[in-house]
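Worksheet for the structure shown next.
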Amino acid sequence: MNATVIIEVSVSILFLLGVSFSLLSSFGLIRLPDVYTRSHASTKSATLGVLFTLLGAFLYFLLTDGYLSVRLLLGIFFVFLTAPVAGHMITRAAYLTNTQTDRLVFEDKEEEEKKTNSSASS
Amino acid sequence: MSWIHIMILLPFIYAILVPFLYKLYSHKLHTGWFVMPIPVIIFIYLLQYITPISSGEKIYTTLAWMPSLGINFTTNVDGLSLIFGLLITGIGALVILYSIYYMAKKREALHNFYIYLLLFMGAMLGLVFSDNIFVLYVFWEITSISSFLLIAYWYQRPKSRYGAQKSMLITIFGGLAMLAGFIMLSMMTGTNSVQEIISQMNDVTSGPLFVPAMLLTLLGAFTKSAQFPFSIWLPDAMEAPTPISAYLHSATMVKAGIYLVARFTPVFGGAVEWFWIVSVVGMITMIWGSFYAVKQTDLKALLAYSTISQLGLIMSLLGLGSASMAFGFTEESAMYTVATGAAMFHLINHATFKGSLFMVVGIIDYETGTRDIRRLGGLMTIMPISFTLSIIGGFAMAGLPPFNGFLSKEMFFTSVLRASELPIFSMETFGIMFPVIAWVASVFTFVYCMILIFRTFAGKHQPERLEKKAHEAPVGMLIPPIVLSSLVVIIFFFPNIIGQSLLKPSLAAILPGFTQDGAFEFITKIEAWHGFNTELFMTIGIVIFGTLLYLSHKKWSSVFYTLPEWFSLNSVYNAALEKSETVARGITNNYMTGFIRDYLVYIFAFFSIALLTCVWVLKGVSLDISNNAPISIYEVILVIGIVISALGVLFSKSRLTAIISVGALGYIIALLFVIFRAPDLALTQLIVETVTVALFLLCFYHLPEFKKEHSRVRFRITNLIISLGVGITVTLLALSAQGNKLFEPISSYFENSYELAGARNMVNAILVDFRGFDTLLEILVLSVAGLGVYTLIKLRKQGSGTNETE
Amino acid sequence: MNNLVILPIIIPFISGMIMVVFRKNITLQKWLGVIALLSTGFVAMMLMHQIKSEGIQSIQVGGWQAPFGITVVADMFAALLLVAAFLVALACFVYSFFTIGNDKEKHYYYPFFLFLMTGVNGSFLTGDMFNLFVFFEVMLISSYVLITLGGSKGQLRESFKYVLINVISSFLFLVALAYLYGVTGTLNMAHLSLRVAEAGQDGLLTTIAILFLIVFSLKAALLLFFWLPGSYSAPPTAVAAIFSALLTKVGIYAIFRVFTLIFYHEPQITHVLIGIMGALTMILGAIGAIAYWDIRKILAYNVIVSVGLIVAGLAAFTYSGLLGSIYYLIHDIIIKGLIFLIGGTVIALTGTAKLKEFSGLIRNHPYLGWMFFISALSLAGIPPLSGFVGKIFITRGTFEAELFWLGAIGFMTSLMVLYSVMKIFMNGFWGETNMSIEMEKGSTKRVILPIAFLTVLTIALGFGAEGIHDYVSIAVEGLLDPSIYIEAVFGNNPIP
Amino acid sequence: METLMALLIGVLFTIGTYLVLTKSLLRIILGTAIIGHGVHLLILTMGGLKSGGPPLLGVDTLSFTDSLPQALILTAIVINFAVTSLFLVLAFRTYQVLGTDDLNKLRGSEDE
Amino acid sequence: MSNLAVQLLINLTIATLWMFLNDTFDPVTFFSGYLVGLVILFSMRRFFSTSFYFIKIYAILKLVTIFTYELIQSSILVVRQIMKPKLDITPGIFKIQTELEGEWEVSLLALLLTLTPGSVVLEISQDGKEFTMHAMDIPISSDSVRKTKETFEKAIMEVTR
Amino acid sequence: MRPNDILLHSVTKIATFIILTFSIYLFFAGHHNPGGGFIGGLATASVVVLLFLAFDVETVKKYLPLDFQLMTALGVLLAVLTGVGSFFFDAPFLSQTFDYFELPIFGEVELATAVLFDIGVAMAVIGTAVTIILSISEAD
Amino acid sequence: MFEKVLMIVLIALTISIIAAIYRVVKGPSMPDRVIALDMIGINLVAAVAVISVLLKTYAFLEVILLIGILSFVGTIAFARFIERGVVIERNRDN
Ligand code: NA
Ligand code: NA
């Protein structure tokens, strides 16, 4: 077992791990009942998946060529930074426009009344 | 530039001055007085040519115009052109004098009248003196145009415009045909000079273009000279002021066709087609014109039909005369040259008497306010001079002595009689037609001449039916017809003066082969009395039958109305014009539907059909997949993805889905670029696709949701066939181009981009350096689009613009 | 190397961009535009002179030897068109000073105009097929904006169609380029000429040639003209005039260039097809021209007719035919600009394009009327105005090539053309004057100047046809002998 | 691969053309977008596919993909983008002003 | 910490980043990166109204560790829920309050809370004191999120204050 | 009531730096790696768009007082004028040149006129992209 | 072997993307679609990383960040659009 094989195996593991997260989240995207739960699948599992994959690629180039790709690192950082904001913005948009709010359970009853009224009226 | 050129161009140059003269002096002096000296000067100038020309001299001068194109203003003064030149200027001068009295000084746009007139005069001079066929054509068209303008001089009147349009359409049609003929002649002979064409013609008479060139040239002549069936424009041209009718539409312009036939007789004469067409068309025109002249109640219309008839007569004479050439210029053929001589002689005579008659009719119109024979009558005592003039003109036209018309009419009869005995051109069988038709036509001519004279001047005067109180015309108005009438008489008594000085040189020009003097010996013997020959009996017969018909006119005139109205050539013309518009609109509206889809269908259909046909016929497809790159599974997946997204666009019911599908398509293509190792493309495609999708979304927020396309099945099937056609075409060609790489691409050069342009990225090196020009323009396109978007959104219609309307 | 060649492209380009920078200063824009156009014209004339004395001028942009870089080539054909384009552009540009309106001026009208000229001039000059595509796009995108400028209902409706058709035709252009590159591996026109000649123009190359013909026909309105009448009736007068004077000409130019320089080996297929398309174009155009009583439509269909006539000379593919085509092309650029300017002025005066709604204009507008008359005659090729030399030689060419039907159709349709424009003259300018000056919606003040300028040109071009003959004949010789062009592009350099 | 691409391009042209022939402004523009993609792929295919690494010197020692078509496509993409954006805006302004996105209702005044 | 210092810091960061991007680690690249940073900062200068807090390396590391731990834990939770043959989750909305102040603190908290699976910040109140949260499964999440929030809050304050 | 955009704003500010750095990198990378004026310009434009999205037109215009139409024109002018520059060296239009210079601090540096050209391209692209997006967004 | 793994990963990503496309098409709400789109972007990033490894080239590493950027900007734009009906606001205060 030489170095190349070790690298390839570890990179493969990272890739497979990443892609399983991706697959899972895509199942979630299909399976989950409403836009909010689906957003969980996409903003988190998928993000995690891509982070693993990028890490795998980063390691591959680092270990095989000794090439430290800042572009990949920057990519990881950027995805990491923006994915939650994107999720936040889109679910907020859904929430504020009363998309599928009637299925939600509210801890705060006052809020629930407000939402159900407005979604009924809208 | 020689004097002759200056003389020809003088009217044009002077025409430029007319508006200024008009502006400065029109309140003091009739503009015509300024114009009149021009024809007089030219006339006098031309007179000096008589001596050299009659002694057989030929006078060429060249003014370079477009030497490289072989279009030069070469003038040829010979007998033929000189006759015309003198007619144009002589009658021109008289007409202008006449017009000074006829055209009211206060009538506005009088300057226009004289500009057109000068334009015409110059053009006519240019036409007859020009030796270059294309220059001849130039002047030919100018005469048509100036005639158009003169006919519509009173452009407010619908009838004037109608007449002008008609004459323009017909004469310009003929002009174009003639031009086509000229082009063929020029091609056949390699020269544009009439004289050189004549000298080279023997080589090409058997060429395939000989007959087409002849027919086309004749078409020009026939339309201009109002030969049947193109004659219909001439009666409507009578909407022009009477001086114009006298000048253009009887004495000069309509004779341009005669001139053309005469001028090209040396080229085409001798051919059987030429003989038959020219003489038969002339004959038909003659009888048709004389017959319909009888029907007319408007004096000018009557004169118009008579002009048609007379032009037919001259034309047929030229045709008959061309027979002489068929014999190859021998003694024997000389006997037929009399027809050509008669043609030229009658041409002059007709100009004199018809000019005079038009002027008289103008006087009647001017004095009584009408030209309607039914309202006129008994003017004999009120207008004795006019009456005398009309007697002279009318009798000359009827072919009675002692007037010049008698002489040429007798020569005409001689010609048709001789022609009927021609041993060639199948004249043994059909020859007898000519004297018969000639005689019948002459009878009708006699009848309408009598109608013209006696219905106007004899009978009962009906002042209550006239617009004005009639009296004799002012002296100035009478002088021109008096001059012409005097000529009518003088020529009768001294025909040989013009015979020697003008006719003979003109015959030498028309039949250049006949150099021996004997060929034209009849010229010296033009005389009234030949003894009791067939011609004389024919004339006597005309007088007898003509008188009978004139007296019984009321009884048989219903014959004119037996033919239905629609049958006349005029109604054919009108219907054609009207129909052409309806049909044209029908055709155009039928395919120019205004629906962009239809246009696209045409375009795509043309694209597929043309290319597939081409591929099929030329065997342009040669499939060769040997140098195909191998296919990997991932590529197949991407391709499937592309197809699915494209189908998604096609079948999506919501606009959002469609937009997203198109975005997906773009992204997958970006991936394909990644696979095909084109990183720059992938990057660009990604960004551009994103921005495009964003723009789609931004815009389609403003657009409505998809509606179900309620289209018929036929519509959809057409669309499907068309789009399949396009797809198949593109694929087929791509496959064959792929299998058909003929050369190594030039791009291996760019592999040296690092040495050449200091760049490791070849694509970038191409973009900013090797083909930086493309990129520079590409950003220009981009910027214009950006500014355009800005403009499109910001600039709204707010009644802006000072000179624009919806 | 001669940087003069590039100037007709970059002078309007840079001037237009400077105008964008100074977008608030309309006066400056007007002056700059006039100066730019004048200097372009001056350069074009210098080029004509140089080409005459030194042969075809070329420049390898960026210093990259052909066929690797982009070559810009000024042969006499292109130079003549440049000059003609300059003349008509100047007239239209000045015409728009008085008519276009402050709103459009503030929204980059003048820059767009100059960018249009950049595209037009570039299309004439480029020696590279792909670069030609790019110049087409420069021209088209400017035309898209100009046609919509103002955003009235009619404009939007027609310009959508115009843009759509042109988008499609641009795609087809790219398709054709792709095939051509696939087969020949090059884009430089001179190089293409060599390679096609070397390989022989086989079935596939001929098919590609026909694809190019379709592409350029869409631009030239050769048979595929359906988009034209609507589009040309939508924009403001000055724009319609420059469109009708130049845009189709660029397509025609491309057809000439490609079918004399590259695909000239199978004329019995390609050129005869061009002839057939030209004949149909003339017939359908003339039928359209006589069908309507609407000035805009009559004039638009007249644009179409002349396209057919011009390509007839190419179909003949003889010296006379090409000579006639070039003469006629120059004539047509000027006369189409002129007649559209007059037509637009009339519409502005009367507020309608419908001939039946007004008459007798000549009484109050004699100059306009007579200039229309002259241009109408010129349009129909009546001598001695500018159209006739071209017409004679095109016809002669068709006869020489034994395409008699083509020449005959040319003549027949020119009569129909005359009929159609005389209809405007007789029904609009003649007749009872039914509109006093006070009732008119616009005025002819000042706009008469550019109109008179073009009228004088059409007269001068008719009388002075000899004056440009040397140039035209050099152009024809260049078209007939591709080796001159190739020599000018490659010089002594090795050809891959 | 080239054959597959040729077929794919044909499909894209077919679908694009079909869309262009429909009545709705949006479908038409989407159709042109699809044809545009087809055109770009065609240029790439005509240049020859995947005969090497990316056209970057020093990255790969393999032979290079034909770089010229890539540059041409880049130019074409940008121009297409410019035209499409203008076209889009034109479409939506047309809809705004004329009140319909049905091309059948956007008939010209060809018939008087 | 002054505004100027923050900008200097960012500038240096950009310069370093630049070296990495170019895969070249020499003064020239650093200097050009510095110039690039200057340009960026200059163009963005007006966005710096509030000041940036000094970043303590340790606190940052600690925060990262906490966060990673939480991330993995909650990921497993969510994945389990999705993988269950029958979905028995009760998604819902709840609210939490925070003591954090200022743009960056609040943002950081929201960011971390959103990144941990099982919860999403739906809305932040105008004063930034109250988050409306959505949970995958409200019985489990609402409590765990509140706990996580507290650890995060503490770690953040260590970094920022 | 308007939702609080605090999270978006703060992340946007950071993202802006990343994207800007990246775009400038892309721009300069173009010479040897994928990238160049067009891509760099569009990436920069995406920053501007992001700012417009996260904030609003007024705010961005206040903080980033750029006239994008002017920028377009200046960009195109810059590009074309680098081409005209070659006239002064009696070289064909648009001749680019590059050389390696020994500079005091920098060591050997490649300077290419093509970079100026590319800057023009980038400016034009930024200007156009932002103009288009802003225009459409402001349409009513 | 390694290449086989990479192919499997790519195919898995493709399936993931197809699932997301299903959600895009199905909706039902706008936010659903946008979320799915966002996920497509994220998966594309992963795919490009894998392809880079597969092709052993750094040439596409730019693409990764770029997709990330575009996906972020796009999602924000959508969110704005859904929330306010406009993408870019003139002035937040009114
Ligand atoms: Na009577
Ligand atoms: Na009228």
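We name chains A, B, ... by the order of the sequence lines, and we start the count at 1 in each one.
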Say you draw a straight line from [atom1] of [X] to [atom2] of [Y]; how long is it, rounded to the nearest 0.5 Å?
X	Y	atom1	atom2	answer
B:Asn719	D:Thr14	CG	OG1	12.5 Å
D:Gln70	B:Met762	CD	CE	7.5 Å
D:Leu21	B:Thr718	CG	OG1	9.5 Å
D:Leu68	B:Arg771	CG	CZ	6.0 Å
D:His40	B:Leu672	NE2	CG	13.5 Å
D:Leu8	B:Ile642	CG	CD1	5.0 Å

State, to 0.1 Å, how close D:Leu26 and B:Arg655 come at their nearest heavy-atom pair, and which atoms those are.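 The answer is CD2-CB, 3.2 Å.
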Check whether [X] gets within reach of chain B through its side chain, its backbone, both or neither, counting any heavy atom under 4.5 Å.
X	answer
D:Leu42	side chain
D:Val20	both
D:Leu4	side chain
D:Leu74	both

Can you tell which part of [X] gets under 4.5 Å to a heavy atom of chain D, answering side chain, backbone, both or neither?
X	result
B:Val730	side chain
B:Val601	both
B:Phe770	neither
B:Ser652	backbone
B:Ile779	neither
B:Ile669	side chain
B:Ile596	side chain

Under a 4.5 Å heavy-atom cutoff, which of [options] has the most pairs with chain D?
options	value
B:Thr684, B:Leu650, B:Val781	B:Leu650
B:Ser747, B:Ser748, B:Ala658, B:Gly786	B:Ser747
B:Val726, B:Leu767, B:Leu681	B:Leu681

I'd like to know whether B:Val649 forms a side chain to side chain contact (heavy atoms under 4.5 Å, CB included) with D:Tyr18, so could you lay out the CA-CA distance, the side-chain angles of the two residues, the decisive distance to 0.1 Å, and finally the verdict. CA-CA 11 Å; B:Val649 184; D:Tyr18 192 92; over 6 Å; no
Trace of the side chain to side chain contact (heavy atoms under 4.5 Å, CB included) decision for D:Phe13 with B:Ile728: CA-CA 9 Å; D:Phe13 267 89; B:Ile728 290 169; over 6 Å; no
All N/O donor-acceptor pairs, side-chain side in residues 75-91 of chain D, below 3.5 Å, sequence neighbours left out:
residue	atom	partner	partner atom	Å
D:Thr75	OG1	B:Glu778	OE1	3.4
D:Thr75	OG1	D:Ala71	O	3.1
D:Asn80	OD1	D:Thr84	OG1	3.4
D:Thr84	OG1	D:Asn80	O	2.6
D:Ser85	OG	D:Phe81	O	2.7
D:Ser85	OG	D:Ala82	O	3.0

For the residue pair [X] and [Y], establish whether any side-chain heavy-atom pair is separated by less than 4.5 Å.
X	Y	result
D:Ile9	B:Thr731	no
B:Glu635	D:Met5	no
B:Ser723	D:Ile15	no

B:Lys741 side chain to D:Met46 main-chain N or O, any donor-acceptor pair under 3.5 Å?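 A pair under 3.5 Å: yes.
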Are the side chain of D:Arg93 and the backbone of B:Ile793 linked by a donor-acceptor contact shorter than 3.5 Å?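 No; judged by distance alone, with no hydrogens or angles, the pair does not exist.
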